[in-house]
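Okay, structure first, notes after.
Letters go in sequence order (proteins before strands), and every chain restarts at 1.
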Amino acid sequence: MPGDGKSLQLGADMMHLVRVIEGQIADAMKNAAGRAREAGDLQFAKVPDFVVEVPREKAHGDFAVNLAMLLARQARQNPRQVAETLVRHLDTTGTWIARAEVAGPGFINFTLDHRWLYQVPAIVEGQGKTYGHSEVGRGQKVQVEFVSANPTGLLHMGNARGAALGDSIASLLSAAGFDVSREFYINDAGNQIVNFGKSLEARYLQLMGRNVPFPEDGYHGQDIVETVQNIINLVGDRYLDWEPEPRQAALIKYALKEKLDGIRTVLEHFGVRYDVWFSEQSLHDSGEVAATIAELQEAGHIYERDGALWFKATAFGEEKDEVVVRQNGVPTYFAADIAYHRNKFQRGFRWIINVWGADHHGHVSRMKGAMAALGYDPKSLDVVLMQLVRLFQGGELLRMSKRTGQYITLNELIEEVGVDAARYFFVMRSADSHLDFDLDLAKSQSADNPVYYVQYAHARIASILRQAAEMGHQLPAASECDLTVLTDPSELDLLRKIADFPLVVEGAALALEPHRLTRYAQELATLFHVFYTNCRVLVPEEELRGPRLVLAGVTRITLANLLGLIGVQAPDRM
RNA sequence: GCGCCUGUAGCUCAGUUGGAUAGAGCAACGGACUUCUAAUCCGUGGGUCAGGGGUUCGAAUCCCUUCAGGCGCACCA
């Protein structure tokens, strides 16, 4: 499951205003506990780890602390009593804490001086396009490998989900201060390529008028026929009388290039660009697969049985061992994948993230076992497993099969739904949940689609700023305004939400959960729309108009940065 | 049979390290446009968090168990 980067060393990051506030509260509580003990009012050995959290209920203040409940047992007092004692010893000088009160079973609720929020716009303005970024990653090298679809066909819905998820995860990690590399692993070796060659050959001969059977488990897709037609347009009958082996090799070479170019192009249309395209075949050619197996062998993790070489996966908690070299001497996909991941570690990545379909989950733990066998920390490898996409049309489940060529491609999805809606839709759900993609709904482009709601907030702001400019009112800097006139609850709520953004990004990045972004996006857009309804921005009074323009401006920056992380446009007009 | 994921409002889903009266969108119903874009806002109704047991100040969350669905358990990838 999505990891938490625990194997990495994370630096304390004080760029986040909200975290500073939380730190103030935590420190004040620790000090209060210390003073209470000195005064003999409380007995305890050590201050337990407590949380500073935002209560669900607004009436419970801005932040709440559960320390009293955790201390109750040690102190042999009831939690509320402990809480009263802590509050009595609380010193809030030098903090934004305005009030602390005991509530419920022993919570201490903190209400802040709301003026802390007026610091927010200057921070957003100052950071601009990087607002929301942080340094937790401390420049450590991270690799995100995603899609890695077989180059024997077109991209389907599952690949599309992987593309949207992987790209957003990479963007998030980059924003969190990691040095991120996006990588596509090209499965250009193994049985499927052999199969691919046979399919190409059969189509070639058929198109040239020969009556030959098509391999039953071949690739039936129409796109293969088109690829072969393209080849014929180039070379004509040149391969007609070749031996099967060189003929297939020649066809594969051409078709692979065409297929990969197609994949690259459609992914670029989808807004995804890779840093590295890594060939599986290159691992065989360079001898890395053999070297990896030799390394495992030397370490005593390999044995021979029935003429094949086996990896002792059971020594790493697996239920059964795995073949790495077949009886016929050909290494398995698993062997190549071990070599691939070894290669990743050798390239210096501190954190390796793979986005895989749930149908590969059996592969995860043995892969980690193999990494452990090679002496790498398996915790540095995180696999985001995404559940498969089910496609619905007309209320019915569409069965998809790449083998039979019956599936909706990413090309078609982009044409019908558009990049923004598709990417938002895929990222909206956690990778863990099955995704039911209703084509009719997505096609309808109705207001049901939440991406429009968020984009509309951005367009509205752009419109306001445009009209302000036409009236001769440039967007002022936060420092030029007295922001304390922003006192409407909708204004304060909006500022509060904007202040949260950096922590949302950081949390989503470390948890590898981009769906937190769309949730936040929905909330931020709602608060803007409420503000828009309740507070007119373009009022005659400059001392009110200026601050509201500032607020609109920083909302716009936050929305744009947010949508950028998902790969969705932030339009100025809709 | 074993393993992984899922089960939360009519539907699609959030719910962070265990916190207070479980949320959002859509759908339904009722309101708000001589005012910066109504692709918006406000309000109402809607729950046995699949069932059962346990852990504790406190459980949708952790543990056990039953049920239901998905996926995996190849000398395929």
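- Comparing B:G19, B:A20, B:A77 against the side chain of A:P55 picks out B:A20 as the nearest.
- Side-chain atoms of A:R366 lie closest to B:A77 of the nucleotides B:C71, B:G25, B:A77.
- In this structure, the side-chain hydrogen bond (donor to acceptor under 3.5 Å, both in side chains) partners of A:E183, at least two apart in sequence or on a different chain, are A:Q143, A:Y340, A:R347.
- A salt bridge links A:D572 with A:R556: the closest approach of a Lys/Arg side-chain nitrogen to an acidic carboxylate oxygen falls below 4.0 angstrom.
- Counting only residues at least two apart or in different chains, side-chain hydrogen bond (donor to acceptor under 3.5 Å, both in side chains) contacts with residues 53-68 of chain A comprise A:K58-A:D493.
- Residues satisfying the salt bridge (Lys or Arg N to Asp or Glu O under 4.0 Å) criterion with A:R99, sequence neighbours excluded, are A:E101.
- Within residues 73-81 of chain A, the residues approaching RNA chain B are A:R73, by heavy-atom distance under 4.0 Å.
- Base pairing annotation: B:G1 forms a Watson-Crick or G-U wobble pair with B:C73, both donor-acceptor distances under 3.5 Å.
- For residues 520-529 of chain A, the set of pairs meeting the side-chain hydrogen bond (donor to acceptor under 3.5 Å, both in side chains) definition, not counting sequence neighbours, comprises A:Y453-A:T526, A:R460-A:H529, A:K497-A:E523.
- Not a single side-chain hydrogen bond (donor to acceptor under 3.5 Å, both in side chains) links A:H434 to another residue, sequence neighbours left out.
- A:D500 meets the side-chain hydrogen bond (donor to acceptor under 3.5 Å, both in side chains) test with A:R496; sequence neighbours excluded.
- The stretch residues 537-556 of chain A touches RNA chain B through A:V537, A:L538, each having a heavy atom within less than 4.0 Å of the strand.
- With sequence neighbours excluded, the residues that form a side-chain contact (heavy atoms from CB on, under 4.5 Å) with A:Q467 are A:S463, A:E470, A:L538.
- Under 3.5 Å, the side chain of A:N109 and the base of B:A20 form at least one donor-acceptor pair of N or O atoms.
- Phosphate contact (OP1/OP2 of B:A38, side-chain N/O of A:Y452, threshold under 4.0 Å): absent.
- Pair assignment for B:A59 gives none, since no Watson-Crick or G-U wobble pairing has each distance under 3.5 Å.
- In this structure, of B:C75, B:C36, B:C41, it is B:C36 that holds the atom nearest to the side chain of A:S463.
- A search for side-chain contact (heavy atoms from CB on, under 4.5 Å) contacts involving A:R516 returns A:A508, A:A511, A:E513, not counting sequence neighbours.
- With hydrogens and angles left out, the side chain of A:H361 and the base of B:C5 share no donor-acceptor pair within 3.5 Å.
- Residue A:L70 has its side chain nearest to B:C57 when only B:A38, B:C75, B:C57 are considered.
- Sorted by first and then second residue, the pairs that involve residues 528-552 of chain A and meet salt bridge (Lys or Arg N to Asp or Glu O under 4.0 Å), not counting sequence neighbours, are A:E491-A:R548.
- Here the CG atom belonging to A:D188 is positioned 6.0 Å from the CD1 atom belonging to A:I193, to the nearest 0.5 angstrom.
- In the set B:C75, B:C36, B:C57, B:C36 carries the atom at the smallest distance from any side-chain atom of A:Q467.
- Residue A:E57 has its side chain nearest to B:G23 when only B:G23, B:A24, B:C36 are considered.
- Here the separation of B:U21 from B:U65, taken at their P atoms, is 31 Å to the nearest Å.
- Base orientation for B:C26: anti, the chi torsion being more than 90° from 0.
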Quick tally for nucleotides 11-16 of chain B: nucleotides whose base has a protein heavy atom under 4.0 Å get B, sugar-phosphate-only ones S, the rest -, giving -BSBSB
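- B:C11 and B:A28 have their C1' atoms separated by 12 Å, with the value rounded to a whole Å.
- If you take CG of A:D359 and P of B:A74, they are 15 Å apart, rounded to a whole angstrom.
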